[in-house]
Amino acid sequence: MLIKLALILSVILQFGAAIIAVGLIRRTKYNISWILISMAFVFMALRRVYELYQAYIVVEDSDLASFSAWIAVAISLFIFIGTIFIRRIFDFQKEVDDLKNQQEAKVLNAVIATEEKSKREFARNLHDGLAPILSSVKMLLSSLDKPKLDTDVEQVVVRADCGIDEAISNLKITANNLSPHVLESFGLLRAIQNRVDAIKTAEIPEIAIQENIGKQRFPKNIELAAYRIISELLINTLKHASADKISVHLLNDENALRIIYSDNGKGYNKNNVSLGMGISNIHSRIKAAGGSIEIHTKPNQGFYADIKFETLCKI
């Protein structure tokens, strides 16, 4: 009795599935793969009816047995052919996804290119506009005959001169950060070394750079992305990590540029912390340059990032 009830329930469920599948044919715009799969569901339901019939009519019937066998063959055939067509759908979907990723990368590249152009123009305006003015003021102060000045006035002049020197120095650092000419002229390694030297003070963590790229050059978009990413990671560590050691590896890994960045700071819980602007910018730059990133971090266990830009050509 339980077997018969199970068969009845099976028939109901099978016909329910077949009805739903057939009802979706129009929504799939009569896709051949879904039509074949739906037919398989229908034949499976018919076979369940036959099995239920056999459960009530125990008499052997060779014609019914043959009918069941051919239904099984039809089911297998529909599923086999439908699966082939579904595979074509997945292949097409992959092409669509690849095209979508390419378009997203192009958009990100355009945004980043516009951003970098604005930074270059701003850096040039600082260098060509403000720097000469400060230099002129410094020359005017230097032309003063300090021995003839009152002591108070002389101290003001000296302080103003020192302030101008500091302003010019900060201006150069800001302009270089906006548009790193060292990167364009000497390559990634030299630019990162300069960046580290510029931020080094007695109060910041130990920063170790290890590399095997030497003076090797990579495509401009890759070098710029790598420079900006490492700069962003350094800023994040200095601001938030409370680390005392930072390690930066720049590696030529089978003609791919690989960056391994780590610190021994306080880390964070990736599952509970939403991406900040810094990490979001890093992901955007990596995606635009066709790279990949793996981040490993836990509370009180530091931060580790493995970044790779594939299929690079030496230039």
Side-chain angles (χ1 to χ4, degrees), residues 108 111-112 115-116 119 123 166 169-183 186-214 218 221-253 256-309:
L108 287 172
V111 171
I112 292 172
E115 177 186 338
E116 292 297 332
K119 287 181 178 179
E166 185 177 353
S169 176
N170 289 334
L171 185 87
K172 289 180 179 179
I173 293 173
T174 301
N176 186 65
N177 289 340
L178 288 170
S179 181
H181 64 88
V182 176
L183 178 65
F186 302 102
L188 180 61
L189 177 59
R190 178 77 173 273
I192 295 301
Q193 288 173 334
N194 281 18
R195 183 77 175 107
V196 169
D197 291 339
I199 63 175
K200 268 187 176 179
T201 67
E203 300 176 353
I204 72 166
E206 174 189 343
I207 303 176
I209 299 176
Q210 299 182 33
E211 51 82 25
N212 69 353
I213 63 173
F218 300 98
N221 66 319
I222 300 295
E223 287 189 338
L224 183 60
Y227 177 82
R228 295 297 188 196
I229 288 166
I230 293 172
S231 297
E232 193 74 54
L233 290 172
L234 287 169
I235 291 170
N236 285 348
T237 296
L238 297 178
K239 282 187 176 180
H240 308 296
S242 301
D244 55 30
K245 287 185 180 179
I246 298 173
S247 176
V248 181
H249 290 73
L250 300 172
L251 305 174
N252 178 2
D253 186 4
L257 175 61
R258 187 178 180 191
I259 302 167
I260 300 176
Y261 180 96
S262 63
D263 66 49
N264 64 347
K266 59 186 181 181
Y268 61 89
N269 189 332
K270 292 194 298 181
N271 296 325
N272 296 331
V273 177
S274 60
L275 292 177
M277 182 62 71
I279 297 296
S280 178
N281 288 340
I282 288 170
H283 280 276
S284 295
R285 289 187 178 276
I286 290 172
K287 186 173 184 179
S292 61
I293 182 172
E294 291 184 12
I295 293 178
H296 303 281
T297 182
K298 290 182 180 179
N300 303 315
Q301 293 188 22
F303 176 89
Y304 175 93
D306 190 345
I307 302 163
K308 194 169 185 179
F309 296 101

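In this text, all values refer to a predicted model and were calculated from it rather than measured experimentally.
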Straight-line distance of I213 CD1 to I259 CD1, nearest 0.5 Å: 8.5 Å
Look at the aromatic rings of F303 and Y261 and report parallel, tilted or perpendicular, splitting at 30° and 60°. perpendicular
For the side chain of D244 and the backbone of N264, is there at least one donor-acceptor N/O pair under 3.5 Å apart? no
Going by heavy atoms in the side chains, are N221 and F309 under 4.5 Å from each other? no
Under the side chain to side chain contact (heavy atoms under 4.5 Å, CB included) rule, what do I230 and R195 come out as? Steps first, then yes or no, please. CA-CA 9 Å; I230 293 172; R195 183 77 175 107; over 6 Å; no
Measure the spacing between CG of L238 and CD1 of I207 and express it to the nearest 0.5 Å. 6.0 Å
Can you list the residues that meet the ring pair (Phe, Tyr, Trp, His ring centres under 6.0 Å) rule with H240, with sequence neighbours excluded? none
Do any N or O atoms from the side chain of E232 and from the backbone of I235 form a donor-acceptor pair under 3.5 angstrom? no
Distance (rounded to the nearest 0.5 Å) between I282 CD1 and I307 CD1: 6.5 Å
Nearest heavy-atom contact between S247 and H249 is OG-CE1, 3.0 Å
Backbone N or O of N252 within a donor-acceptor pair of the N212 side chain at under 3.5 Å? yes
Give a yes or no on whether the backbone of G302 and the side-chain of T297 come within a donor-acceptor separation of less than 3.5 Å. yes
Going from CG on L251 to CG on D306, what distance comes out if it is rounded to the nearest 0.5 angstrom? 9.0 Å
Treating E223 as the side-chain partner and F218 as the backbone partner, does any N or O pair qualify as donor plus acceptor under 3.5 Å? yes
Rounded to the nearest 0.5 Å, how far apart are CD1 of I260 and CG of D253? 8.5 Å
Kindly compute the distance separating CD1 (I279) from CD1 (I229), expressed to the nearest 0.5 Å. 10.5 Å
Which heavy atom of I286 sits nearest to which heavy atom of S292, and what is that distance? CG2-N, 3.4 Å
Is there a donor-acceptor pair under 3.5 Å between the side chain of Y227 and the backbone N or O of L183? no
Could you tell me which non-hydrogen atom of A241 sits nearest to which non-hydrogen atom of D263, and how far apart they are? CB-OD2, 4.1 Å
Minimum heavy-atom separation for A226 and L257, please, with both atom names. CB-CD2, 4.0 Å
Looking only at heavy atoms, which two atoms of R285 and A225 are closest? And how far apart? O-CB, 4.3 Å
